[in-house]
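So you know, we letter chains A, B, ... as the sequences are listed, proteins then strands, and number each from 1.
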Protein chains: 2
Amino acid sequence: MVTELNDGTFDFCETLTDAEDALAREMLERASAKWPLRVMHILAEAKGPLRFSRVLERVEGISQKVLTQTLRTLEADGLVTRTLYPQVPPRVEYELTPLGGELLVEVVGLWQWIANRLPDFEAARKPKADAV
Amino acid sequence: MVTELNDGTFDFCETLTDAEDALAREMLERASAKWPLRVMHILAEAKGPLRFSRVLERVEGISQKVLTQTLRTLEADGLVTRTLYPQVPPRVEYELTPLGGELLVEVVGLWQWIANRLPDFEAARKPKADAV
DNA sequence: ATCTATACATACCTTATGGTAACTGAACTA
DNA sequence: TAGTTCAGTTACCATAAGGTATGTATAGAT
């Protein structure tokens with residue numbers, strides 16, 4: 001995979017196989033999707049383990065079914081740990097892994113970059129009346 | 001919006017309104033989704049305008065319907081330009097805008113970061129047999 | 001008169017995603 | 001005995017996303 005911009009300053013990532021390329025794209029897609037990003041964000045803010053119910057409360061608008069799915073996927077990707085304390089009623093705690101934390105930093109960086117250029121995006125949407 | 005990691009080194013982006021925050025997240029989601037990312041990538045590689053059919057050929061697996069939708073969305077977001085040459089048969093050319101190019105650089109940077117850590121992600125998925 | 005090329009639009013269908021609501025299990029409580 | 005808690009699971013339904021196939025407009029070529 002080669003990427004070059006118009007000014008020719010861009011060219012890397014040639015050592016990846018197609019499979020690796022696809023996997024990286026998939027992770028990017030997953031990590032920047034709506035629910036996973038918000039869940040990881042909440043877990044990062046907590047600075048420690050959170051019970052299922054606490055996450056459910058703090059991720060506004062998510063249903064418990066989708067939260068379960070999301071957390072399981074994050075766990076499978078090594079971004080979150082799940083710890084079951086065999087009590088009654090059960091206690092399950094979720095926590096961001098170091099890998100998850102690092103990934104979140106990167107994604108939030110991109111999100112930040114976009115936020116800084118929001119005026120540009122908004123400007124790009126406007127020009128209806130004043131065509132050149 | 002505040003984001004802090006476990007080591008407390010992370011805290012910014014507090015000046016955004018909720019609306020701006022949501023918009024930035026939305027752009028992030030859109031930009032890192034499957035088709036938009038691949039289309040932008042093709043357009044970046046082309047280093048210039050591409051006709052609709054050329055894009056369709058190069059974005060493997062996309063249907064013409066979805067490509068049309070994707071390009072229109074990218075255009076509405078100010079990431080690509082659409083130029084219609086009123087010939088018969090029609091000629092339409094698409095090109096990355098500077099804003100689109102910049103965004104792609106950022107997203108590809110994240111994608112690169114992920115690619116560099118693929119071993120970590122793969123390792124995170126493995127540990128089934130050797131639990132601690 | 002028919003065919004071709006281009007960039008779509010449209011109708012129709014399948015799949016995926018996500019939401020709601022009800023159910024579970026087991027111990028503790030009233 | 002019935003109710004509560006927690007972390008789900010399950011069944012069911014609505015919406016969205018995406019695929020396939022076909023239609024359209026127009027001018028030039030055959």
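- Taking B/Arg54 as the reference, B/Glu57 meet the salt bridge (charged side-chain N to carboxylate O under 4.0 Å, His left out) condition, with sequence neighbours excluded.
- A heavy-atom distance below 4.0 Å to DNA chain C is reached by these residues of residues 60-67 of chain B, ordered by number: B/Gln64, B/Lys65.
- Between the side chain of B/Glu20 and the backbone N or O of B/Thr17, at least one donor-acceptor pair lies under 3.5 Å.
- In plain terms, the two heavy atoms of B/Ala124 and A/Gly78 that are nearest each other are CB-CA, 3.4 Å.
- At whole-Å resolution of the value, CZ in A/Arg30 and P in C/dA16 are 15 Å apart.
- Checked by atom type and distance alone, the side chain of B/Glu106 never pairs as donor or acceptor with a backbone atom of B/Leu103 at under 3.5 Å.
- On the nucleic acid side, DNA chain D contacts chain A at distances under 4.0 Å to non-hydrogen atoms, with the end points of that region at D/dT5 to D/dA11.
- In this structure, A/Tyr85 reaches neither bases nor backbone, as no heavy-atom distance under 4.0 Å exists between it and the strands shown.
- In this structure, the CD atom of B/Gln87 is 16 Å from the C1' atom of C/dC8, given to the nearest Å.
- Counting to the nearest Å, the C1' atom of C/dA7 and the CD atom of B/Glu57 are 13 Å from each other.
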Would you sort out whether B/Glu95 and B/Thr83 count as a side chain to side chain contact (heavy atoms under 4.5 Å, CB included), showing the intermediate values?
CA-CA 8 Å; B/Glu95 189 172 13; B/Thr83 309; over 6 Å; no
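- With rounding to whole Å, B/Glu93 atom CD is found 9 Å from C/dA7 atom P.
- For A/Trp35, the side chain to side chain donor-acceptor pair (under 3.5 Å) test picks out no residue, with sequence neighbours left out.
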The test is side chain to side chain contact (heavy atoms under 4.5 Å, CB included); show your working for B/Arg25 and A/Arg38 and say whether it passes.
CA-CA 10 Å; B/Arg25 276 177 191 279; A/Arg38 301 183 65 149; 3.6 Å; yes
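- One finds a salt bridge joining B/Arg91 and B/Glu93 here, because a Lys/Arg side-chain nitrogen approaches an Asp/Glu carboxylate oxygen to under 4.0 Å.
- A rotation axis mapping the C1' atoms of four pairs onto the next four is fitted at both ends of the helix from C/dA1-D/dT30 to C/dA30-D/dT1 over five pairs, and the angle between these axes is 40° to 10 degrees.
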Output side-chain donor-acceptor pairs under 3.5 Å for residues 65-76 of chain A, partner residues at least two apart or in another chain, one line each.
residue : atom : partner : partner atom : Å
A/Thr68 : OG1  : A/Gln64 : O            : 2.9
A/Thr70 : OG1  : A/Val66 : O            : 2.7
A/Thr73 : OG1  : A/Gln69 : O            : 3.0

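- For the pair A/Leu84 CG and C/dA26 P, the computed distance is 14 Å after rounding to whole Å.
- The shortest heavy-atom contact between B/Ile114 and A/Met27 is CG2-CB, 3.7 Å.
- Distance alone, capped at 3.5 Å, places no donor-acceptor pair between the B/Ser32 side chain and the A/Leu28 backbone.
- Nucleic acid contact for A/Arg54: none, since no nucleic acid atom lies under 4.0 Å from a heavy atom of the residue.
- Put simply, OH on B/Tyr94 is 15 Å from P on C/dT6, counting in whole angstrom units.
- Between B/Arg51 and C/dA7 there is a side-chain polar atom (N or O) within less than 4.0 angstrom of OP1 or OP2.
- Between the NZ atom of A/Lys34 and the P atom of C/dA16 there is a distance of 21 Å, rounded to whole Å.
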